[in-house]
Protein chains: 2
Amino acid sequence: MDLRRLRYFVAVAEARSVGKAAERLRMAQPPLSVQIRKLEAEVGAPLFRRGTRGMDLTEAGQALLVRAGEALALAADGIEAARAVAAGSRGRISVGYMFVLANAMLPRLIPELRRSIPGVDLDFAELSASTREARLLDRSVTVALCMPAIHHPEIQVARIGAQPFMLAMPNRSPLARLSAVPMARLQGRPLIALPPPEQDPASSAVAALLRRHQIVMPIASRVETVHSAMSLVLAGEGLAILPACAKLGAPQGIVFRPLREASDSIDIAVCWRRDSQSPLIRTFLKCAEKVVARL
Amino acid sequence: MDLRRLRYFVAVAEARSVGKAAERLRMAQPPLSVQIRKLEAEVGAPLFRRGTRGMDLTEAGQALLVRAGEALALAADGIEAARAVAAGSRGRISVGYMFVLANAMLPRLIPELRRSIPGVDLDFAELSASTREARLLDRSVTVALCMPAIHHPEIQVARIGAQPFMLAMPNRSPLARLSAVPMARLQGRPLIALPPPEQDPASSAVAALLRRHQIVMPIASRVETVHSAMSLVLAGEGLAILPACAKLGAPQGIVFRPLREASDSIDIAVCWRRDSQSPLIRTFLKCAEKVVARL
DNA sequence: CCAACCCATACGTTTTCGGTATGCCAATGG
DNA sequence: CCATTGGCATACCGAAAACGTATGGGTTGG
């Protein structure tokens, strides 16, 4: 059962003549005649009534014609769809992002993506750092928005921006009256910390910052998300050192202040599998860079 | 775009390995590998990720796989459907019948057909004699139930039975008291006739019957259908000479009596195009014969 | 470091396809 | 009644595609 045969069959059925169909198919009449007879042999029944003025479908031929036409269309659509997916004009891109970046990036990123790649399904999932890495590796997400980047031999990283660390505190805190907080003022104050470095690399950047300035902050609580951290800060449980963009999702009553002697920042990066050959990743990267530039 | 390629592609995608797929396809591995690469060249993008432990679909490959599977199924279903239609286990049979036979045959014929050819669509249409012939010739009906048969070089006829002519009259008619009516008693009485012989060959049989017995019956009315004829008979407009089976659709108040000296009858026949090769016709014929035998 | 596994390439053989020439049949027209 | 025309079928040949065998190369696992 060959698709070429079916194509020839459809052509002959539509032209109601072998000769006319051969002309339209840019081939000679005899080989076309042969192919039709081979198809009939394969089916085991005549598909055409041969008249003196051309060919006419039998009932069996009519039954075949419908399916053959659909099969041809499906096959053509299939390779077209594959091409479109390969070219990035169709398909799906699944994005794993981290919680802090949701408020800062998604409201601008999603419309930007819809404009750039209108035929593509978007799929966003808020994932922890370790889950993002795992899902990138098993390909269940296409790209990850990370802060900081994932380091892994299979994973490619593009740095698209950085966020300075800022101190988050309740607005009734005495430190809130300063326009920038000297590092020394943090000494001994309770810290609301994120998961330890082995689970969340962002924490190691904070730890490094404090270590460099020889500041010790007792850990009042460890929380999973920046959102929880800010809630505890608001409750007066302690201070948090967070990327500046966390401000965008902060509740009323939290203020952010820069740290005077520290110019430390944390990278925002797009990460994907090295062997992902989807052209959508390039486009995604462009969009993400554009959004971060206006942060 | 070849269906064989798509079949190979689906096999490799399902086996996730060229070697396994080749084994299942009963062929060697290298040619299969070549075909897959040719398909990829045709699409213009890789469809598989080659790993060290087999092959894995890319996104483009996944997009193709869905359509390719459907296309294969449709093509296979198409030739299967064509075979089924040719074998008579599927398809459509369109039956043109004449009005008088409706009550006599259809209630038994339709269930009989449904039992014999369950996968076949039935399509019944009540048609005049000339329309039946025309629709047989242009193939818009497959078979016709006729009384009497259609005579035409393109049309094949099978006689499946006969109906004696009977006299239809109101039950208050004096003739109704006889168990059989002598031909002579018809002389001069008004006749309710069907369309003239050139339109309906049944009329010529009636005319011949009367001529042979030298009876003259003035034509009170010409009507299109047996049903109308019986209405007029009931109204006392005249008598009608009808096939015995018309009794089955007769209204209350009409009686049928045999004609004593006349053993004339009219053939019931199944007619179809000589070049209709549908095996359904044979089955239909069998069913119709069985029904007529029990009339 | 060797063996096993799996895909890719190379080459010769076979099958299949397409083109040209031609035959057959029916309908048409003088 | 014969010639012509139009349309499909058959025969044969050259070309293209596919298949099988042999082999290479890369990675994994012992």
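As the structure is a computational prediction, the values presented were derived from the model and not from experiment.
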Worksheet item: Less than 3.5 Å between a donor and an acceptor, one on the side chain of B/Gln35 and one on the base of D/dA18, is that the case here?
Response: no

Among [options], which nucleotide sits nearest the side chain of [X]?
{"X": "B/Arg50", "options": "C/dC7, C/dG18, D/dT21", "answer": "C/dC7"}
{"X": "B/Tyr8", "options": "C/dT20, C/dA8, D/dC19", "answer": "D/dC19"}
{"X": "B/Met27", "options": "C/dC17, D/dG20, D/dA9", "answer": "D/dG20"}
{"X": "B/Arg4", "options": "C/dC7, D/dA9, D/dC19", "answer": "D/dC19"}
{"X": "B/Arg53", "options": "C/dA8, D/dG6, C/dC6", "answer": "C/dC6"}
{"X": "B/Lys38", "options": "C/dA8, C/dT20, D/dA18", "answer": "D/dA18"}
{"X": "B/Thr52", "options": "C/dT20, D/dT27, D/dC8", "answer": "D/dT27"}
{"X": "B/Lys20", "options": "C/dA8, C/dC6, C/dT28", "answer": "C/dC6"}
{"X": "B/Gln29", "options": "C/dA8, D/dC8, D/dT21", "answer": "C/dA8"}

Grab the [atom1]-[atom2] distance between [X] and [N] for me, whole Å please.
{"X": "B/Ile36", "N": "D/dC19", "atom1": "CD1", "atom2": "P", "value": "11 Å"}
{"X": "A/Glu154", "N": "D/dT27", "atom1": "CD", "atom2": "C1'", "value": "14 Å"}
{"X": "A/Asp56", "N": "C/dA26", "atom1": "CG", "atom2": "P", "value": "18 Å"}
{"X": "A/Glu40", "N": "D/dA9", "atom1": "CD", "atom2": "P", "value": "8 Å"}
{"X": "A/Arg37", "N": "C/dC24", "atom1": "CZ", "atom2": "P", "value": "16 Å"}
{"X": "B/Leu25", "N": "D/dA18", "atom1": "CG", "atom2": "P", "value": "15 Å"}
{"X": "B/Leu32", "N": "D/dA18", "atom1": "CG", "atom2": "P", "value": "12 Å"}
{"X": "B/Arg16", "N": "C/dC6", "atom1": "CZ", "atom2": "P", "value": "14 Å"}

Pairing of [X] and [Y] as salt bridge, 4.0 angstrom limit:
{"X": "B/Arg67", "Y": "A/Asp77", "result": "yes"}
{"X": "B/Arg139", "Y": "B/Asp275", "result": "yes"}
{"X": "A/Arg50", "Y": "A/Glu40", "result": "yes"}
{"X": "B/Lys290", "Y": "B/Glu112", "result": "yes"}

Worksheet item: Just how far is it from atom CE of B/Met105 to atom SG of B/Cys287, taken to the nearest 0.5 Å?
Response: 9.5 Å

Discussion item. If you assign each of B/Pro30 and A/Ala28 to its closest nucleotide in DNA chain C, which residue comes earlier from the 5' end?
Written reply: B/Pro30

Item to complete: Could you tell me whether the side chains of B/Arg135 and B/Ser140 share a donor-acceptor contact shorter than 3.5 Å?
Response: yes

Worksheet item: Base, sugar-phosphate, or nothing: which does A/Gly54 touch, judged by heavy atoms less than 4.0 Å apart?
Response: sugar-phosphate

Worksheet item: Heavy atoms under 4.0 Å, any strand shown: does A/Arg5 hit a base, just sugar-phosphate, or nothing?
Response: sugar-phosphate

Practice prompt. Report yes if a side-chain nitrogen or oxygen of B/Ser33 is closer than 4.0 Å to either non-bridging phosphate oxygen (OP1 or OP2) of C/dA8; otherwise report no.
Written response: yes

